[in-house]
2 protein chains.
Amino acid sequence: MSDHATMTPRRAATRARLLDAAREVIAERGAGGATVEGIAERAGFTRGAFYSNYASLDDLIVDLIRDVGEVRLRDVREAAGQFALNRTPGLTIDTALAGGVREFVHLLQPPMNDVLLQAELRLYALRHDGVRAGYVAVVRETMTGVYEILERLCASVNARLRTGPEITMEILLGFFDQGSAMSYLDLGRIDPDAQVARLSQLVDVIIETDQRG
Amino acid sequence: MSDHATMTPRRAATRARLLDAAREVIAERGAGGATVEGIAERAGFTRGAFYSNYASLDDLIVDLIRDVGEVRLRDVREAAGQFALNRTPGLTIDTALAGGVREFVHLLQPPMNDVLLQAELRLYALRHDGVRAGYVAVVRETMTGVYEILERLCASVNARLRTGPEITMEILLGFFDQGSAMSYLDLGRIDPDAQVARLSQLVDVIIETDQRG
DNA sequence: TCTTGCGGATACACTTCTGTATCGAAACGT
DNA sequence: ACGTTTCGATACAGAAGTGTATCCGCAAGA
């Protein structure tokens, strides 16, 4: 359902505008505070447009979760691609790890709205049975994708992860969420240098190297 | 402000009932979906009672954040106390660590409502400047308390943490949040055995031991 | 160019929430 | 026991949102 490729361009464009508006409004007011009226208005429409595209707010949010998941996974894949392109073989472990950190650290600095939206969607999935399965699927896909990348990186520098996929990814994702939320809570912004340092330390914790230096 | 010790018992009781109601309502409908009317009604009052105790919903939520923080910290302290009481000196590292895991693992299995409430309050703090400082203070206090306990535990079994307080606590808290949320998303409940296994693995990751066995 | 139909706007009736103002009653000091 | 204070209920006016039903105009096809 709601596959933007299989509908008229006009309809797809309207839905895209509604989705973008929903991102903003949900980030600003929360999923509970987001209203059909608010989203439609933000998109430059009236409620009429909304209801002729989605049956309900729930319906739109399902669409949004799918979309957000796709974007996230694509971001990670792109970072991985960049890393693979830039990597020069034969580096020392530390240099290679530092390179990896540099390539992935921007994922640790999402804009405030993304942090809020992500948290809101997770809460929404927790509360709404009809959404949960889809949400979990998206998270799993992301976790799997990231883990593969991580494993490849480790193998290429003769290091290995201390724990299996599931725990590793939970540590990673939890750390990302916790870190970006605390940054905004604490400073009101994200300090890139601090994030590089944080990610480096995390890598030291979850990765085990056979040799040193 | 709103120190329950310095007000008449009746007032304190009413506020306590309102706070409890707020916990439930916010967990169920989210901070954005929680209304003065809903909270008052849940507590068995009308809005009149609410407004004669709090100036606004924001006002109550500030109180709630403080309260939730106190409860959390007390829980951790109690777990630490239990651990100290039950611990028999001279155990092997692995046995001692296993004991620690057993003592703290129940903190990894909060009821669904606590997971939701915690997430909602964090989001609320992110969005409301007037609340942020207090929220951060509460989190810092919790982190410090937990870290002290963790350090003492490590020292007593001749092990040490791989990273400093800040990163360690971010990993821990992030892992806790991520884990409980995913449990409820995935299974709809929390599996205690799985949590023990998860916590054991986490301990292996963040703790470094000098000897083995 | 005509017309057909879809997409978005408008109107309507209803519900829920807000904040204030007022009132009755329960608690408390003397 | 009595008056005072305080606390919680009720009433009111207004704001905002919901979903449906209806209408209109533009865009695409013959």
Side-chain angles (χ1 to χ4, degrees), chain A residues 1-64 120 124 127-128 130-131, chain B residues 1-64 120 124 127-128 130-131:
Chain A
M1 67 171 66
S2 56
D3 181 355
H4 286 207
T6 67
M7 56 182 80
T8 101
R10 191 188 180 192
R11 197 173 177 76
T14 303
R15 285 169 97 117
R17 277 172 67 188
L18 285 171
L19 279 186
D20 282 345
R23 277 178 223 274
E24 295 177 16
V25 172
I26 291 174
E28 284 170 19
R29 310 187 207 164
T35 64
V36 170
E37 180 132 36
I39 291 171
E41 196 176 356
R42 178 70 59 103
F45 295 117
T46 60
R47 288 198 329 279
F50 186 99
Y51 282 111
S52 80
N53 276 284
Y54 291 103
S56 64
L57 190 55
D58 278 29
D59 199 21
L60 173 136
I61 290 185
V62 169
D63 208 13
L64 181 59
E120 290 290 349
Y124 195 90
R127 288 203 183 91
H128 299 262
V131 177
Chain B
M1 66 172 65
S2 58
D3 181 356
H4 285 207
T6 68
M7 57 181 79
T8 105
R10 190 190 181 191
R11 197 172 177 77
T14 303
R15 286 170 95 116
R17 277 173 67 188
L18 285 171
L19 279 187
D20 282 345
R23 278 178 222 275
E24 294 177 17
V25 172
I26 291 175
E28 283 170 21
R29 309 187 209 164
T35 65
V36 170
E37 181 132 36
I39 292 171
E41 196 175 356
R42 178 69 60 102
F45 294 116
T46 59
R47 286 197 330 282
F50 186 101
Y51 281 111
S52 80
N53 275 285
Y54 292 104
S56 64
L57 189 56
D58 279 29
D59 200 20
L60 172 136
I61 290 186
V62 169
D63 208 14
L64 181 59
E120 290 290 349
Y124 195 89
R127 289 202 183 91
H128 298 263
V131 177

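Every chain is numbered from 1 and lettered A, B, ... according to where its sequence line falls, protein lines coming before strand lines.
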Can you tell me the distance, in whole Å, between the [atom1] atom of [X] and the [atom2] atom of [N]?
X: B:Phe45; N: D:dC7; atom1: CZ; atom2: C1'; result: 10 Å
X: B:Tyr54; N: C:dG19; atom1: OH; atom2: P; result: 16 Å
X: B:Arg17; N: D:dA9; atom1: CZ; atom2: C1'; result: 14 Å
X: B:Asp58; N: C:dT18; atom1: CG; atom2: P; result: 12 Å
X: B:Asp59; N: C:dT18; atom1: CG; atom2: C1'; result: 16 Å

Before accepting this row, confirm whether a basic side-chain N of the pair B:Arg17/B:Asp20 lies closer than 4.0 Å to the acidic partner's carboxylate O. no
Which atom pairs, one a donor and one an acceptor, fall under 3.5 Å between side chains of residues 27-37 of chain B and the rest of the protein, sequence neighbours left out?
| unit_1 | atom_1 | unit_2 | atom_2 | d |
| --- | --- | --- | --- | --- |
| B:Glu28 | OE1 | B:Arg42 | NH2 | 2.8 |
| B:Glu28 | OE2 | B:Arg42 | NH1 | 3.1 |
| B:Thr35 | OG1 | B:Gly38 | N | 2.8 |

Categorize [X] for me: base, sugar-phosphate, or nothing, with a 4.0 angstrom heavy-atom threshold over every strand shown.
X: B:Arg47; result: base
X: A:Phe50; result: nothing
X: B:Ser56; result: nothing

Could you measure the distance from the [atom1] atom of [X] to the [atom2] atom of [Y]? Nearest 0.5 Å is fine.
X: B:Asn53; Y: B:Leu60; atom1: CG; atom2: CG; answer: 9.5 Å
X: A:Asp59; Y: A:Leu64; atom1: CG; atom2: CG; answer: 11.5 Å
X: A:Ser56; Y: A:Tyr51; atom1: OG; atom2: OH; answer: 8.0 Å

Which of residues 26-40 of chain A sit near DNA chain D, with a heavy atom under 4.0 Å from it? A:Thr35, A:Val36, A:Glu37
Any [X] side-chain nitrogen or oxygen under 4.0 Å from OP1 or OP2 of [N]:
X: A:Arg11; N: C:dG7; value: yes
X: A:Thr46; N: C:dA9; value: yes
X: B:Thr14; N: D:dG8; value: yes

Side chain proximity check, B:Leu19 to B:Asp63, heavy atoms < 4.5 angstrom: yes
For the residue pair B:Phe50 and B:Tyr54, does the interplanar ring angle fall in the parallel (under 30°), tilted (30 to 60°) or perpendicular (over 60°) class? tilted
Could you please name the option among D:dT18, D:dA9, C:dT20 that lies closest to any side-chain atom of B:Tyr51? C:dT20
Measuring from the side chain of A:Asn53 (C-beta onward, heavy atoms only), which nucleotide among C:dG19, C:dG8, D:dT18 has the closest atom? C:dG8
Its contact letters, B for base, S for sugar-phosphate only and - for none at protein heavy atoms under 4.0 Å, make nucleotides 21-30 of chain C read ----------
Judged by atom type as modelled, is there a donor-acceptor pair below 3.5 Å linking the side chain of A:Arg15 to the main-chain atoms of A:His4? no
